[in-house]
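The structure appears right after this line, and notes come after that.
Chain letters run A, B, ... following the sequence lines, proteins first, then strands; residues in each count from 1. Only a predicted model underlies this, so the values are computations on that prediction, with no experimental measurement involved.
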Protein chains: 2
Amino acid sequence: MSLTGDRRAEQSAEEPTDGSRPGRRGPARSDRPSATIGRVAEAAGVSRATVSRVMNGSPTVAAELAARVRAAAEELNYEPSLVARSLALGRTSTVSLIVPDLSNPMFQDVLRGLSHAAAGRGYRLLVAESNENVAEEAILAVEARRRSDGLVLASPRVPEAELRALSDRLAPLVLLNRDLPGSNVPSLSVDYAAGIAAIVAHLRSLGHRRIVYLAGPAASTSNRERQAALRAACAAEPVCALTELPCGATFDDGHASARAVLRSGATAVVAFNDMVAFGALSGLHELGIGVPRDLSVAGFDDIPFARYTTPPLTTASIPRNELGRQAWDRLWALLGGGPAGHDVHFQPRLLVRDSTGPVPAGRG
Amino acid sequence: MSLTGDRRAEQSAEEPTDGSRPGRRGPARSDRPSATIGRVAEAAGVSRATVSRVMNGSPTVAAELAARVRAAAEELNYEPSLVARSLALGRTSTVSLIVPDLSNPMFQDVLRGLSHAAAGRGYRLLVAESNENVAEEAILAVEARRRSDGLVLASPRVPEAELRALSDRLAPLVLLNRDLPGSNVPSLSVDYAAGIAAIVAHLRSLGHRRIVYLAGPAASTSNRERQAALRAACAAEPVCALTELPCGATFDDGHASARAVLRSGATAVVAFNDMVAFGALSGLHELGIGVPRDLSVAGFDDIPFARYTTPPLTTASIPRNELGRQAWDRLWALLGGGPAGHDVHFQPRLLVRDSTGPVPAGRG
DNA sequence: CTGAAAGCGCTAACAC
DNA sequence: GTGTTAGCGCTTTCAG
């Protein structure tokens with residue numbers, strides 16, 4: 001049996017030449033007959049309004065008519081057009097998410113949380129990736145918003161002025177890891193500063209007074225936040241020397257800085273993120289340095305692997321899924337015309353595992 | 001300055017009561033005036049057709065008119081409705097992807113590859129997760145397809161008969177890691193059997209003759225495939241004893257089976273996937289077993305961390321992104337009304353790293 | 001309870 | 001070149 005054959009037969013039997021229809025441009029749709037509400041109405045001998053009512057489960061239709069309509073719909077393989085429905089309703093039941101980078105676990109989890117929460121209300125999710133490209137980001141945001149009923153912008157890179165200018169066209173809008181002071185755009189973010197402060201306090205309590213920071217990409221906002229928090233935390237302590245080493249965001253970056261870490265004379269390293277910490281762990285291991293015996297290492301993010309390194313990594317965990325879930329809550333409130341609730345700063349949770357320990361004797 | 005205030009003022013100036021409009025139900029949209037093509041036409045003193053032409057960059061519009069239209073559009077903050085456009089054009093410029101589980105790196109990468117490739121042609125991506133729920137999956141697929149121009153189904157769990165029945169309504173459709181023999185639905189999949197065969201050959205060349213398989217979840221199709229391939233590969237060799245241990249898909253599962261692995265007397269372990277292999281590595285390490293000195297371990301998938309374990313993991317890599325990219329190619333061809341090209345079986349690539357080595361002396 | 005009719009916002013023949 | 005007109009497929013008042 002050939003599906004192709006079957007389809008073609010059906011098609012030529014039901015429809016004249018597709019070329020005669022207007023509105024066909026670019027890649028053609030599948031050339032199935034594609035029943036419309038009109039055809040179903042005709043087949044069932046009722047009006048389109050009645051078909052509409054039946055399809056939407058309105059209880060005010062006589063049982064006999066409803067049955068006839070359902071039969072006709074079944075027979076014609078009728079699928080109501082959601083596009084037409086959206087146009088008539090003024091609502092697409094779709095929301096969009098723009099992320100800078102789909103390969104980042106942070107955004108993957110936001111995506112998951114958002115998608116799941118939205119699905120609970122019958123909303124679908126449109127996803128777009130800006131590839132860290134600022135110009136692209138603004139375009140994407142506007143476009144994605146036009147296709148949907150609301151928008152979530154995760155860690156947008158757009159300059160504040162532009163974001164502010166855009167925020168009106170993008171509403172209902174929810175911001176993740178970014179805020180717009182003075183506007184009424186809801187914002188959910190991670191309090192990186194608090195996370196860093198917790199890590200520093202932990203290190204201090206272990207006796208560490210010389211810390212080296214393996215800095216992330218200069219362009220990264222979260223790096224700037226983490227770095228500033230680290231400076232502040234160190235400055236607040238009576239004795240706390242901070243060395244900053246330009247590093248990066250990857251395992252290899254961390255690995256490459258092992259020697260520099262040693263040269264810094266620090267007793268503890270705070271890495272921009274877990275990947276960098278892993279790399280440092282590996283590089284230090286190769287140099288014969290024991291962690292945490294000779295040196296303590298802390299990461300940030302608590303990516304799934306942090307539990308499984310040797311030694312397991314001390315890090316700060318952030319509620320990535322929750323960010324997506326609550327973004328939906330805010331968006332849903334906005335869609336309902338209500339206020340979105342208060343902004344929140346998620347507090348990272350310090351996870352003390354085995355990569356941090358007391359300062360080696362004589363090195364305090 | 002209050003954005004809220006400004007907006008409200010504009011709104012009440014431009015529009016009577018929103019309640020009088022039909023088609024408003026459920027959560028209301030943001031109550032912005034939302035200029036239409038008609039208003040712009042009116043403001044610019046031209047017809048809607050002209051506005052449409054200008055907005056779509058048609059070159060056949062007098063410069064002076066075009067300028068007036070652009071000014072009016074700017075003034076009114078006009079954003080063409082993509083929904084209306086889709087309805088008129090019969091094309092949404094959106095495709096959908098359904099995955100069983102968004103937390104699986106495999107699907108994350110497919111998503112990324114597909115999204116990126118589709119974006120290159122101005123298409124957007126709608127994503128939905130079936131949560132491994134078969135009933136849900138079929139519904140989602142149909143619904144997602146109705147909102148878009150085409151569909152990619154990744155590793156669908158739906159039974160063959162149902163998929164076959166659905167395939168017509170879902171077209172243009174591309175299948176990932178699943179095929180529909182005899183249909184003309186394009187299918188891209190990973191040749192797990194070939195990957196397993198390569199691993200076994202590698203192990204054999206190292207002298208291993210007793211292999212233990214750490215099996216994945218019984219419900220998993222890919223586990224069944226891998227397991228079957230392993231049996232076949234071992235059966236094909238002159239001397240090759242295979243022990244199968246029920247295990248799972250996670251680090252902890254692998255970790256927990258370390259003792260059982262030892263008891264099996266095998267000299268090499270083939271894990272269902274990399275996570276399980278990591279767990280085994282860790283569990284064996286704790287038991288004082290050297291890898292690959294005492295035992296060889298191989299994983300499957302080449303997840304990003306496989307390079308960074310100690311020792312780095314021998315595994316089979318699969319082109320996850322490529323799967324997404326090529327799914328787009330197929331879909332694009334289908335959208336254009338052409339044939340989709342031949343199905344492909346991606347061949348995993350064996351990555352020999354340090355977790356596999358020669359059989360210990362006297363244990364061959 | 002059902003149908004007729006108007007409209008959602010945009011596009012594209014077709015005529016001027 | 002530009003406007004007129006007729007849809008795209010569905011929903012929803014409003015009569016009856």
Side-chain angles (χ1 to χ4, degrees), chain A residues 18-26 28-29 32-42 44-69 73 76 78-93 146-147 149, chain B residues 15 17-26 28-29 32-42 44-69 73 76 78-93 146-147 149:
Chain A
D18 183 48
S20 68
R21 269 199 274 164
R24 287 288 172 279
R25 197 179 73 178
R29 282 158 39 160
R32 227 163 334 148
S34 178
T36 71
I37 197 174
R39 285 212 236 281
V40 175
E42 195 176 0
V46 300
S47 74
R48 296 182 319 176
T50 298
V51 176
S52 173
R53 287 191 266 258
V54 172
M55 297 312 288
N56 292 301
S58 161
T60 74
V61 182
E64 196 253 342
L65 275 200
R68 241 161 59 204
V69 168
L76 296 177
Y78 172 59
E79 313 258 9
S81 153
L82 289 181
V83 175
R85 189 157 202 280
S86 294
L87 181 58
L89 250 28
R91 170 168 59 89
T92 62
S93 295
R146 287 202 289 150
R147 291 184 191 281
D149 301 338
Chain B
E15 204 162 63
T17 65
D18 184 49
S20 70
R21 268 199 274 165
R24 287 289 171 277
R25 198 178 73 179
R29 282 157 41 157
R32 226 158 338 143
S34 179
T36 71
I37 197 173
R39 284 212 235 282
V40 175
E42 195 176 2
V46 300
S47 73
R48 297 182 318 178
T50 297
V51 176
S52 173
R53 287 191 267 258
V54 172
M55 297 311 288
N56 293 300
S58 160
T60 75
V61 181
E64 196 254 343
L65 274 200
R68 241 163 57 207
V69 168
L76 296 177
Y78 171 59
E79 311 259 8
S81 152
L82 289 182
V83 175
R85 190 161 200 278
S86 293
L87 181 59
L89 249 28
R91 170 168 57 90
T92 62
S93 296
R146 284 202 290 152
R147 291 185 191 280
D149 300 339

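Between the CE atom of B:M55 and the P atom of C:dC10 there is a distance of 9 Å, given to the nearest Å. For B:L87 and D:dA6, the CG to P distance is 18 Å, given to the nearest whole Å. A straight line from CG of A:N56 to P of D:dT12 spans 7 Å, rounded to a whole angstrom. Nucleotide D:dG9 holds its C1' atom 12 Å from the CZ atom of B:R146, rounded to whole Å. Whole-Å rounding puts the B:L89 CG to C:dA13 P distance at 11 Å. The separation between B:R91 atom CZ and D:dC8 atom C1' is 13 Å, rounded to whole Å. Separating the CD atom of A:E79 from the P atom of D:dC10 is a distance of 11 Å, rounded to the nearest angstrom. Going from atom CZ of A:R48 over to atom C1' of D:dG7 covers 11 Å, rounded to whole Å.
The residue B:V51 sits apart from the nucleic acid: no heavy atom pair falls under 4.0 Å. At the heavy-atom level, B:V83 lies nowhere under 4.0 Å from the strands shown.
Atom OG of B:S81 is separated from atom CZ of A:R147 by 10.5 Å, given to the nearest 0.5 angstrom. Residue B:L82 holds its CG atom at 4.0 Å from CZ of A:R146, rounded to the nearest 0.5 Å.
Looking at residues two or more places apart in sequence or on another chain, you find a side chain to side chain contact (heavy atoms under 4.5 Å, CB included) between B:I37 and B:R48, B:V51, B:S52, B:Y78. Every side chain to side chain contact (heavy atoms under 4.5 Å, CB included) that B:R53 has, sequence neighbours left out, goes to B:A49, B:T50, B:S58, B:T60, B:V61.
The two residues B:A41 and B:S47 come nearest to each other via the heavy atoms CB-C, 3.7 Å. When every heavy atom of A:V54 is checked against every heavy atom of A:A66, the shortest pair comes out as CG2-CA, 3.9 Å. Closest approach of A:S86 and A:T92 over heavy atoms only: OG-CA, 3.6 Å. When every heavy atom of B:V40 is checked against every heavy atom of B:A73, the shortest pair comes out as CG1-N, 4.0 Å.
Residues from residues 57-69 of chain B with heavy atoms under 4.0 angstrom of DNA chain C: there are none.
For C:dT2, the OP1/OP2 oxygens have no side-chain nitrogen or oxygen of A:S47 closer than 4.0 Å. An OP1 or OP2 oxygen of C:dG3 is reached within less than 4.0 angstrom by a side-chain nitrogen or oxygen of A:T50.
Taking every side-chain heavy atom of A:A88 into account, C:dG7 is the closest of C:dG7, D:dT4, C:dA4. Here C:dG3 is the nucleotide among C:dG9, C:dG3, D:dG3 with the atom lying nearest to any side-chain atom of A:A49.
Taking the C1' atoms of five terminal pairs at each end of the helix from C:dC1-D:dG16 to C:dC16-D:dG1, the two resulting helix axes are inclined by 40°, rounded to 10°.
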Between the protein and nucleotides 14-16 of chain D, which nitrogen or oxygen pairs are less than 3.5 angstrom apart?
none

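The backbone N or O of B:R91 sits nowhere less than 3.5 Å from a side-chain atom of B:D149 that would complete a donor-acceptor pair.
Legend: salt bridge (charged side-chain N to carboxylate O under 4.0 Å, His left out) pairs involving residues 54-66 of chain A, not counting sequence neighbours, sorted by first then second residue: A:E64-A:R68.
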